[in-house]
Number of protein chains: 2
Amino acid sequence: MTSAPGSPGDVLTLISAGFATTRSDLARLTGLARSTIAQRVDALIERGLVEETESGESTGGRPPRQLRLHTEQHAFAGVDLGATHCRITLMDMSGEVLASCEDQLLIGDGPETVLAHVDGRLDRLLTEAGRPRAALRAIGMGVPGPVEYATGRPNNPPIMPGWNDYPIPEYFDGAAVLVDNDVNVMALGEQRNAFADTHHLLFVKVGTGIGCGIVAEGRLHRGAQGSAGDIGHIRVNGHDDAGCRCGNSACLEAVAGGAAVARRLTELGIAAETGADVVALVQAGNTQALRLVREAGRLIGEVLASLVNFFNPEVIVIGGALSRVHEHLLAGIRETVYRRSLPLATHHLSIVPSRMGINAAALGAGMLAIEHYLSPENVNRIVNA
Amino acid sequence: MTSAPGSPGDVLTLISAGFATTRSDLARLTGLARSTIAQRVDALIERGLVEETESGESTGGRPPRQLRLHTEQHAFAGVDLGATHCRITLMDMSGEVLASCEDQLLIGDGPETVLAHVDGRLDRLLTEAGRPRAALRAIGMGVPGPVEYATGRPNNPPIMPGWNDYPIPEYFDGAAVLVDNDVNVMALGEQRNAFADTHHLLFVKVGTGIGCGIVAEGRLHRGAQGSAGDIGHIRVNGHDDAGCRCGNSACLEAVAGGAAVARRLTELGIAAETGADVVALVQAGNTQALRLVREAGRLIGEVLASLVNFFNPEVIVIGGALSRVHEHLLAGIRETVYRRSLPLATHHLSIVPSRMGINAAALGAGMLAIEHYLSPENVNRIVNA
DNA sequence: CGGGGTTTGTTCGATTATCGACAGAAGTCA
DNA sequence: TGACTTCTGTCGATAATCGAACAAACCCCG
């Protein structure tokens with residue numbers, strides 16, 4: 001909205017963001033004449049982007065006709081690809097979930113296999129939601145590795161054999177495809193759905209590894225090479241003996257990731273292999289597991305304390321497999337962050353468990369798709385077409 | 001430029017950014033008709049924002065008339081307030097320096113005294129540059145403490161007694177006043193003047209304390225409370241004995257700041273009090289001082305290694321008093337960062353000494369002022385007035 | 001129940017902004 | 001020198017926007 005805050009795209013942005021629900025609102029917010037707004041809205045309605053609902057309540061005069069996104073015609077998909085799973089959520093333009101599915105799927109099977117599976121599931125979900133394939137406008141996708149966002153190509157992903165430089169968007173016809181790192185879309189999912197008026201947010205995923213998605217000024221920060229948020233290999237104090245798969249030692253995820261906690265439990269004679277095992281042990285009341293999770297929280301907290309000073313977020317959301325036992329993890333994190341960060345930065349800082357849970361990634365990927373489609377540039381293109 | 005990339009403000013942005021130097025360029029870049037562009041340019045010329053210079057070189061036909069910012073009519077000031085100094089640079093609209101000055105001045109004397117000094121110096125510099133006071137459009141100011149940028153009020157600054165919550169902008173009439181933390185304006189000064197096509201940059205100031213300015217997507221990142229970049233109190237490994245003025249121990253600036261290095265030299269029997277003393281010793285070839293500076297670089301490098309993984313910058317600029325002996329400081333920093341950060345993040349990372357040196361802050365503050373004045377919104381306001 | 005006041009939606013001529021074609025200006029090139 | 005190219009300014013045609021006027025829908029109140 002640099003200069004002419006009244007193009008059809010800007011009008012739609014005001015509606016979709018909830019700033020305006022009536023033509024009067026739009027006229028007031030944009031400064032345009034009512035007649036102009038009416039024409040803009042008509043165009044948006046004609047293109048199937050906006051619909052009128054029943055009249056709103058009067059404020060003393062004729063009640064305004066409410067406007068909102070037309071949610072019947074279009075569909076958007078959020079795809080969450082993990083190492084061993086695939087979750088897809090089909091959404092309407094307002095972000096409401098129409099249908100979703102979840103499958104075990106090995107990302108290591110390679111792009112053709114995995115994307116064929118996704119494509120099939122998309123068809124099934126669309127049928128389930130009663131919308132034709134052509135209604136699918138955009139697909140957002142989170143993948144477990146670094147991605148060059150502009151092109152949608154994975155960038156030397158360590159756990160995605162066969163995917164390096166694979167042009168994912170080209171696999172799908174007729175829909176825009178946005179591909180990003182899974183932690184980024186999780187961050188977006190939390191921010192957009194649960195922390196809408198938080199503009200600076202960190203999402204920390206504690207699973208087998210540890211990663212972080214960064215929302216700055218309401219937008220994802222991807223960094224110069226798209227590798228921002230890779231906090232799993234930040235060094236932590238006094239653990240030089242812990243070797244990491246990256247070749248260094250004392251990496252955060254080598255001492256506080258799910259796999260690392262499991263290994264330590266095993267060393268104590270308690271069988272555990274994965275983060276899920278650790279969660280199960282904690283839930284069963286195993287005190288050693290509980291202690292180690294809390295200790296992992298402290299280590300993560302040390303790193304986060306640095307990042308709080310540096311980045312000054314309002315909210316840190318903790319997600320990932322280990323966050324299922326978040327009371328203990330959070331206790332350790334909070335303890336350290338509030339001790340080690342500066343008061344000015346921590347005064348208004350909340351550290352909270354994930355609210356979207358297992359759905360964060362698919363929802364965030366879907367938001368990526370919807371926001372791409374509803375961007376003023378794209379809307380203007382649609383309206384002028 | 002969301003929708004109508006052709007308002008006078010957008011046109012001026014294209015000119016000031018150097019993307020367009022002729023009417024033809026503007027027509028091509030904005031997609032507007034040449035006649036429309038001509039009218040826009042006329043308006044900008046009439047308002048004294050743009051001027052025509054001698055014809056450019058022909059590309060086979062009539063040579064285009066070159067356009068550029070009109071630099072005669074306006075003036076902008078960049079003010080760098082430190083604990084014990086005040087530097088002011090008067091600039092024209094293109095960022096060219098018209099005049100500058102430097103004085104010893106104690107920030108602790110309080111806002112009235114200090115700002116009166118600044119005001120007087122502004123008058124003198126304007127006279128020197130041959131411009132009336134009314135030509136001064138905007139003032140950018142960097143101060144040594146946290147600031148609420150939106151209001152220009154210092155926020156509990158530790159070394160600015162009497163300044164807390166003081167409304168600095170209200171002191172100056174007739175000019176917009178933008179106040180920010182000194183490290184932020186230094187970062188901006190480096191990025192705009194020396195690293196124009198670097199969109200993600202960190203500026204690290206190593207002086208008595210240690211701070212960091214963050215440029216993300218070409219804009220300053222200030223964080224939720226405006227305290228982003230406060231890396232001086234990040235904990236470093238194995239120095240729990242080093243107490244910091246903040247109350248914690250093992251803070252980066254308590255072990256690697258100029259004061260800390262000086263103290264260690266004193267402990268070794270070599271008299272040193274400030275960062276300047278350390279610099280002098282290094283320049284005199286004192287090997288202990290040299291060793292300690294390099295060691296300080298390693299400690300700073302440890303922190304920066306984390307931040308590189310997290311933020312993924314393209315360039316890290318090292319400035320501040322200690323950077324005068326930057327060979328040794330940088331050697332330590334580079335050594336650690338390239339060892340501890342991930343290859344994807346370090347592959348295209350440069351760690352370089354400050355290019356703007358002592359002028360970075362005043363220049364950056366001036367850029368803050370100029371960019372505020374040349375923002376599309378403000379230019380449209382001027383043109384439509 | 002039926003005016004007066006208020007807010008919203010619609011229509012339509014007036015105004016304004018933008019476009020596109022044209023002509024002139026100022027250079028290059030053969 | 002004349003053909004060609006590129007840039008600039010002019011001007012009528014076209015399109016977008018505005019604003020006033022009116023109709024519609026609701027509230028309030030007598």
Side-chain angles (χ1 to χ4, degrees), chain A residues 1-12 14-15 19-47 50-68 376 379-385, chain B residues 1-12 14-15 19-47 50-68 376 379-385:
Chain A
M1 254 183 269
T2 60
S3 51
S7 73
D10 294 323
V11 168
L12 187 56
L14 290 170
I15 296 173
F19 293 130
T21 59
T22 71
R23 290 174 174 78
S24 294
D25 288 347
L26 291 166
R28 194 162 7 88
L29 289 169
T30 60
L32 275 68
R34 284 212 312 274
S35 48
T36 308
I37 289 297
Q39 183 215 320
R40 292 280 149 80
V41 171
D42 287 348
L44 291 170
I45 290 175
E46 196 180 343
R47 295 287 172 178
V50 166
E51 64 177 348
E52 286 181 338
T53 64
E54 72 294 343
S55 290
E57 56 193 24
S58 163
T59 59
R62 171 173 176 169
R65 275 185 272 168
Q66 301 287 114
L67 302 173
R68 67 172 185 201
V379 170
N380 289 338
R381 200 179 50 70
I382 295 169
V383 170
N384 297 328
Chain B
M1 256 184 267
T2 60
S3 52
S7 72
D10 294 324
V11 168
L12 187 55
L14 289 170
I15 295 173
F19 292 129
T21 58
T22 69
R23 290 172 173 80
S24 294
D25 287 347
L26 290 167
R28 196 164 3 89
L29 289 169
T30 61
L32 274 68
R34 285 206 307 277
S35 48
T36 308
I37 289 297
Q39 182 215 320
R40 294 281 150 79
V41 170
D42 288 347
L44 291 170
I45 290 176
E46 196 180 341
R47 295 286 172 178
V50 166
E51 64 179 348
E52 285 183 337
T53 64
E54 72 294 344
S55 290
E57 55 192 27
S58 163
T59 58
R62 173 174 175 170
R65 273 186 274 168
Q66 300 287 113
L67 301 173
R68 68 172 185 200
V379 170
N380 288 338
R381 200 179 50 71
I382 295 169
V383 170
N384 295 328

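As the structure is a prediction and not an experimental result, all values here were calculated from the model. Hydrogens, waters and symmetry mates are skipped; everything else that's a heavy atom, side chains included, is used.
Look at R65(A) and you'll find a side-chain N or O under 4.0 angstrom from OP1 or OP2 of dT10(C).
Projected onto DNA chain C by closest heavy-atom contact, Q39(B) and E52(A) fall at different nucleotides, the more 5' of which corresponds to E52(A).
Interface limits on DNA chain D: the 5'-most and 3'-most nucleotides within less than 4.0 Å of chain B heavy atoms are dT5(D) to dT10(D).
The salt bridge (Lys or Arg N to Asp or Glu O under 4.0 Å) pairs that include a residue from residues 24-35 of chain B are D25(B)-R28(B), where partners are two or more places apart or lie in different chains.
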Give the dot-bracket line for DNA chain C from 5' end to 3' end: parentheses for intra-strand Watson-Crick or G-U pairs under 3.5 Å, square brackets for crossings, | for inter-strand pairing, dots for unpaired. ||||||||||||||||||||||||||||||
Assess whether side-chain contact (heavy atoms from CB on, under 4.5 Å) is satisfied between E52(B) and L67(B), documenting all intermediate values. CA-CA 5 Å; E52(B) 285 183 337; L67(B) 301 173; 3.7 Å; yes
Might you work through the side-chain contact (heavy atoms from CB on, under 4.5 Å) test for I45(A) and E51(A), ending with a clear yes or no? CA-CA 6 Å; I45(A) 290 175; E51(A) 64 177 348; over 6 Å; no
Trace of the side-chain contact (heavy atoms from CB on, under 4.5 Å) decision for V383(B) with L12(B): CA-CA 11 Å; V383(B) 170; L12(B) 187 55; over 6 Å; no
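If you measure from atom CG of L26(B) to atom P of dT18(C), you get 14 Å, rounded to the nearest angstrom.
Distance CG/L26(B) to CD1/I15(B): 5.0 Å, rounded to 0.5 Å. Within the model, atoms CG of D42(A) and CD1 of I37(A) stand 11.0 Å from one another, a figure rounded to the nearest 0.5 Å.
Considering only residues two or more places apart in sequence or on other chains, A38(A) meets the side chain to side chain contact (heavy atoms under 4.5 Å, CB included) condition with none of them. The side chain to side chain contact (heavy atoms under 4.5 Å, CB included) test applied to S24(A) returns T22(A), not counting sequence neighbours.
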Heavy atoms under 4.0 Å is the rule here; annotate nucleotides 19-28 of chain C 5' to 3' with B where the base is hit, S where only the sugar-phosphate is, and - elsewhere. BB---BBBBS
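Closest heavy-atom contact between N380(B) and G9(B): OD1-N, 2.7 Å.
Results of the side-chain contact (heavy atoms from CB on, under 4.5 Å) test with P8(A) over R40(A), Q39(A), R47(A) single out R40(A) as the only residue that passes.
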